[in-house]
There are 2 protein chains.
Amino acid sequence: MANYTRLEGIPMYVWIREDLRREIRDGIYKRGEKLPSEQELAIKYRVSRMTVRQSIAELIDEGLLFRRHGVGTFVAIPHLERDHTRLTNFFDAEGGEGSATRASLLAMKVLPAGQKIARALDIAKGDSVIEVKTLRYADDVPITVHDAYIPHKLFSNLQKEHLETQNLWSFFERNGFRVKRAIQKIEARQATKDIANMMKIKEGSPILYKERTVYSENGTPVEFTYCYNRGDIYSLTVALER
Amino acid sequence: MANYTRLEGIPMYVWIREDLRREIRDGIYKRGEKLPSEQELAIKYRVSRMTVRQSIAELIDEGLLFRRHGVGTFVAIPHLERDHTRLTNFFDAEGGEGSATRASLLAMKVLPAGQKIARALDIAKGDSVIEVKTLRYADDVPITVHDAYIPHKLFSNLQKEHLETQNLWSFFERNGFRVKRAIQKIEARQATKDIANMMKIKEGSPILYKERTVYSENGTPVEFTYCYNRGDIYSLTVALER
DNA sequence: GAGTGGTCTAGACCACCCG
DNA sequence: GGGTGGTCTAGACCACTCG
């Protein structure tokens with residue numbers, strides 16, 4: 001039986017996964033309830049058990065389901081925030097949705113990397129980096145100063161125009177670097193005079209400070225950013241696992 | 001051929017996974033280098049290709065490898081921080097390692113849940129919760145005030161003695177709730193008089209403020225915590241994905 | 001013992017990428 | 001065209017949990 005890549009090129013395990021997701025969302029399977037066994041699902045969807053397992057594996061990874069050896073597969077209690085938080089935090093730097101955000105470019109220039117930036121980007125001290133400094137607004141209130149550094153060697157073709165028509169990460173992807181993960185160091189600080197002036201707040205106001213390194217799929221650091229967020233407005237939500 | 005659960009009960013895919021991990025660590029496969037094809041690995045380890053794929057899948061999940069359809073499987077550049085950050089952040093609340101930390105119990109009492117805590121713990125407003133308030137020190141300097149709330153219904157057997165001999169999460173596990181993930185909201189604030197007094201800092205000093213909900217494997221919220229960290233000492237590192 | 005998930009096989013064809 | 005990963009089969013036996 002020719003079962004490969006049926007239904008307009010959608011793999012069966014994707015179809016099953018989305019069907020299960022929908023049934024859970026629609027309450028056909030409820031919180032804590034047991035799903036049909038893998039065997040039963042295999043029969044229902046007319047696939048092998050391994051294919052069912054592949055579907056389920058991804059939902060377990062997301063935390064929507066969990067398994068108990070010798071007992072069954074169950075619907076976990078969904079905490080809606082999770083997916084949302086991931087995306088929010090990962091894309092907020094470059095064109096968030098939700099509220100009316102915009103960014104103004106303060107500076108863009110090439111300069112030699114200092115010790116810290118070089119270390120973060122895994123390049124030599126003194127190697128060229130592109131600095132992209134922006135001020136970001138939510139509903140026309142300045143909330144964040146972004147100061148990003150990008151290895152010149154990898155993205156020497158970056159132009160100001162790119163930043164106007166697309167976000168940085170899309171640009172990275174177009175150059176063969178798929179953004180995959182980031183590591184952030186977060187601190188509470190007080191606004192320096194510079195930062196306070198830019199955001200029109202008082203010197204010493206609380207600032208949520210972040211240093212972030214962004215990595216592509218193959219582990220290459222593509223961006224290192226200093227980020228100053230207005231403490232009285234900005235909060236950060238992150239999910240931790242295991 | 002009876003190949004199931006060979007080698008002292010260690011599944012083959014675990015064995016292969018760890019073997020690959022070791023070879024990568026030892027530099028037999030280097031950063032960015034291509035691994036042997038799945039077919040070749042299957043022959044090498046005398047298993048089916050599906051088993052090899054299972055091994056590789058977990059290493060990809062960890063970010064140690066990445067795949068390119070039609071090209072091959074490659075070693076990603078490791079960024080050591082990642083695993084470290086996860087663990088650090090997930091366990092720092094209850095007995096970290098590394099530096100000389102200790103916690104003193106400020107209060108433990110049962111009280112009715114307010115709106116916010118009830119919502120976070122998915123219980124009714126007014127339901128009993130156990131408050132566990134601690135002051136945590138690193139090298140005898142107070143750095144964090146923890147204020148945790150736990151559903152009384154689930155953990156009515158919690159005693160002060162438990163907190164002295166084990167951390168909260170071990171206690172949860174012993175009661176059938178395996179801690180799996182947490183969601184944290186992070187803000188920069190200024191120390192109130194209360195908090196400042198407890199940590200012996202000036203009122204208005206920067207505070208890294210967290211609200212955290214901890215979930216067990218099945219999605220049940222088991223703990224909601226307010227957390228005030230000294231901004232000048234404490235920083236938080238988190239990894240974000242995709 | 002019955003039922004579940006955990007591991008594994010020995011193949012197959014498809015989709016993608018490269019020279 | 002040749003090699004790679006992506007999807008899938010139709011079974012098998014093992015390990016765990018429960019009544």
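Computed from a predicted model, the values in this text were never measured in an experiment. Letters go in sequence order (proteins before strands), and every chain restarts at 1.
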Does B:K153 NZ have over 12 foreign heavy atoms under 6.0 Å away? no

Rounding to 10 degrees, work out the angle separating the end axes of the helix from C:dG1-D:dC18 to C:dC18-D:dG1 (five pairs an end). 10°

Check every strand shown and say whether B:R49 touches a base, only sugar-phosphate, or nothing at a heavy-atom separation below 4.0 Å. base

Testing the 3.5 Å rule here: is there a donor-acceptor pair between the side chains of A:Q39 and A:S37? no

How many Å lie between CG on B:L35 and P on D:dG5, as a whole number? 9 Å

From NZ of A:K34 across to C1' of C:dT4 the rounded distance in Å is 7 Å

In whole Å, what is the span from the CZ atom of A:R53 to the C1' atom of C:dC8? 11 Å

Between D:dA10, C:dG6, D:dT7, which nucleotide has the shortest distance from any of its atoms to the side chain of A:M50? D:dA10

Between A:T73 and C:dG5, is there a contact of a side-chain N or O with OP1 or OP2 at under 4.0 Å? yes

Closest-nucleotide ordering on DNA chain D, the 5'-leading residue of A:V71 and A:Y13: A:Y13

Mapping A:R67 and A:G70 to their closest nucleotides on DNA chain C, which lands nearer the 5' end? A:G70

Between CD of A:Q54 and P of D:dG6 the distance, given in whole Å, is 10 Å

Between C1' on C:dT4 and CD1 on A:I43, what's the gap in Å once rounded to a whole number? 14 Å

Measure OH/A:Y45 against C1'/D:dT7 and give the value in whole Å, please. 18 Å

Could you tell me whether the side chain of A:R21 reaches within less than 4.5 Å of the side chain of A:E58, counting heavy atoms only? no

Between P of D:dT17 and CZ of A:R68, the distance in whole Å: 9 Å

Would you mind checking if A:E23 and A:K44 are paired as a salt bridge, meaning a charged N to carboxylate O distance below 4.0 Å? yes

Distance-only donor-acceptor hits, side chain of residues 119-133 of chain A, under 3.5 Å, sequence neighbours excluded:
unit_1: A:D122; atom_1: OD2; unit_2: B:R31; atom_2: NH1; d: 3.3
unit_1: A:D127; atom_1: OD2; unit_2: A:A124; atom_2: N; d: 3.1
unit_1: A:E131; atom_1: OE2; unit_2: A:Y149; atom_2: OH; d: 3.2

Taking only Lys NZ, Arg NE, NH1 and NH2, and the carboxylate oxygens of Asp or Glu, determine whether B:E38 and B:R67 approach each other closer than 4.0 Å. yes

Does the A:D26 side chain pair with the main chain of A:I28, one donor and one acceptor, at a distance under 3.5 Å? no

Does C:dG11 have its OP1 or OP2 closer than 4.0 Å to a side-chain nitrogen or oxygen of B:S48? no

What's the CD-P distance between B:E38 and D:dG5, to the nearest Å? 5 Å

